Protein chains: 2
Amino acid sequence: MIKENKNMTTSEWEIMRVIWTLGEATSRQIIRVMHLKTDWSPSTIKTLITRLKNKSYLIDNGAVRDRLYKPTITEHDAMTNTLHQTINSMCAMCVGDAITNAIASTTLSRHDILRLQDILSQKLSTAPEAVACNCMPNNWEDEQ
Amino acid sequence: MIKENKNMTTSEWEIMRVIWTLGEATSRQIIRVMHLKTDWSPSTIKTLITRLKNKSYLIDNGAVRDRLYKPTITEHDAMTNTLHQTINSMCAMCVGDAITNAIASTTLSRHDILRLQDILSQKLSTAPEAVACNCMPNNWEDEQ
DNA sequence: ATCTATAGTTTACGTTTGTAGACTTATAAA
DNA sequence: TTTATAAGTCTACAAACGTAAACTATAGAT
């Protein structure tokens, strides 16, 4: 019953963060780390690891014990996908404003800011005066 | 059984988008619009409206029929909250990069870009060279 | 006054998620 | 060699979710 394509849940995401940081990890390591920041029982963590394997976000080295779990997707890619999904579910007209707000309250490194500035100045030349709202289907105003 | 504080699900979010756009709407209007972009049955939409009311994202005008539903939160605020939650669940060290990627593939208006540029140049003066990863709890490396 | 279409309410049902105990088995210790 | 600890698997269970049929009641049509 391996199901790919399913999204990670928020709890599963937390598990992935520690594995991403460690590169690869045993359940013991994951349990130890999670114990420091949550009150999840070892069983709960084992269940989440199994579900992540079923969703194909983790693979293991096949050891029968002290098995090593490794991500099949980089943290960077997972974050980009998630952000994309979030942004795509939002009104195209308003999303710029929401992103701006989000950035205002996020700590960015000098490097991030410089790259962002670069991208923005490139976008500026071709930027539209306004972006159309896409909350409604086309022709929703037609009489029927 | 009114439960506040619960997050909107993705289906509920779609319903909210049409109500946000219309300002307020009857179930008939919502059903008609959603019918143009999904294959959800009228029943399904009614259920989602009820759940949004229970989660206090919608209030109605109390009419016994042809009731008007109104959002209790603005689209802007909902979007900002959602983005915040998404960003806060991510590694602080990498999130700038992910946001940058997201922005690179999002259409922004001239106005959005100008405001963003303004905010970024303000942030630049105090920006750190790098942001620390916050995927792990403090002292996770201590022997125990 | 009766009927009909439909807005709103109830009930339903399989799947996913959060959460975790119970069980099985392998390795390290005695 | 026996045993205890714990890694991995199975089972569990309530709540949330996606999805929708059935039921109730009301306003408009005849």
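All values derive from a computational prediction rather than experimental measurement. Residue numbering restarts at 1 for every chain, and letters A, B, ... go by the order of the sequence lines. Heavy atoms only: backbone and side chains are in, while hydrogens, waters and symmetry mates are out.
Considering only residues two or more places apart in sequence or on other chains, A:Ser89 meets the side-chain contact (heavy atoms from CB on, under 4.5 Å) condition with B:Trp13. Taking A:Asn61 as the reference, A:Ala63, A:Arg67, A:Leu68 meet the side-chain contact (heavy atoms from CB on, under 4.5 Å) condition, with sequence neighbours excluded. In this structure, the salt bridge (Lys or Arg N to Asp or Glu O under 4.0 Å) partners of A:Asp60, at least two apart in sequence or on a different chain, are A:Lys53. The side-chain contact (heavy atoms from CB on, under 4.5 Å) test applied to B:Leu124 returns A:Arg110, A:Ile113, A:Leu114, A:Gln117, not counting sequence neighbours. Considering only residues two or more places apart in sequence or on other chains, B:Pro42 meets the side-chain contact (heavy atoms from CB on, under 4.5 Å) condition with B:Ile31. In this structure B:Trp40 satisfies the ring pair (Phe, Tyr, Trp, His ring centres under 6.0 Å) test with no other residue, sequence neighbours excluded.
The salt bridge (charged side-chain N to carboxylate O under 4.0 Å, His left out) contacts involving residues 7-27 of chain A comprise A:Glu12-A:Lys55, A:Glu14-A:Arg17, A:Glu14-A:Lys37, A:Glu24-A:Lys70, where partners must be two or more places apart or lie in separate chains.
Contact between A:Ala104 and B:Lys123 at its shortest, heavy atoms only, is O-NZ, 3.0 Å. Here the closest non-hydrogen pair linking A:Val131 and B:Leu108 is CG2-C, 4.1 Å.
The distance between atom CD1 of A:Ile15 and atom C1' of D:dG8, rounded to the nearest whole Å, is 15 Å. The separation between A:Asn54 atom CG and D:dG8 atom C1' is 13 Å, rounded to whole Å. Taking atom CZ of residue B:Arg32 and atom P of nucleotide C:dT6, one finds them 14 Å apart after rounding to whole Å. The interatomic distance linking B:Lys53 (NZ) with C:dA7 (C1') rounds to 11 Å, in whole Å. The separation between B:Lys6 atom NZ and C:dT17 atom P is 15 Å, rounded to whole Å. Here C:dA26 presents its P atom at 17 Å from CZ of A:Arg28, a figure rounded to the nearest Å. A straight line from CH2 of A:Trp13 to P of C:dG18 spans 14 Å, rounded to a whole angstrom. Between B:Gln29 atom CD and C:dA7 atom P there is a gap of 11 Å when expressed in whole angstrom units.
The stretch residues 59-66 of chain B touches DNA chain C through B:Val64, B:Arg65, B:Asp66, each having a heavy atom within less than 4.0 Å of the strand.
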Mark up nucleotides 18-23 of chain D, 5' to 3', with B wherever a protein heavy atom is under 4.0 angstrom from a base atom, S wherever such an atom reaches only the sugar-phosphate, and - elsewhere. BBBBB-

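When the side-chain nitrogen and oxygen atoms of B:Arg67 are compared with OP1 and OP2 of C:dT9, one or more of them lie within a distance under 4.0 Å.
Looking at the side chain of A:Lys55, the nearest of the listed nucleotides C:dT17, D:dG8, C:dT16 is C:dT17.
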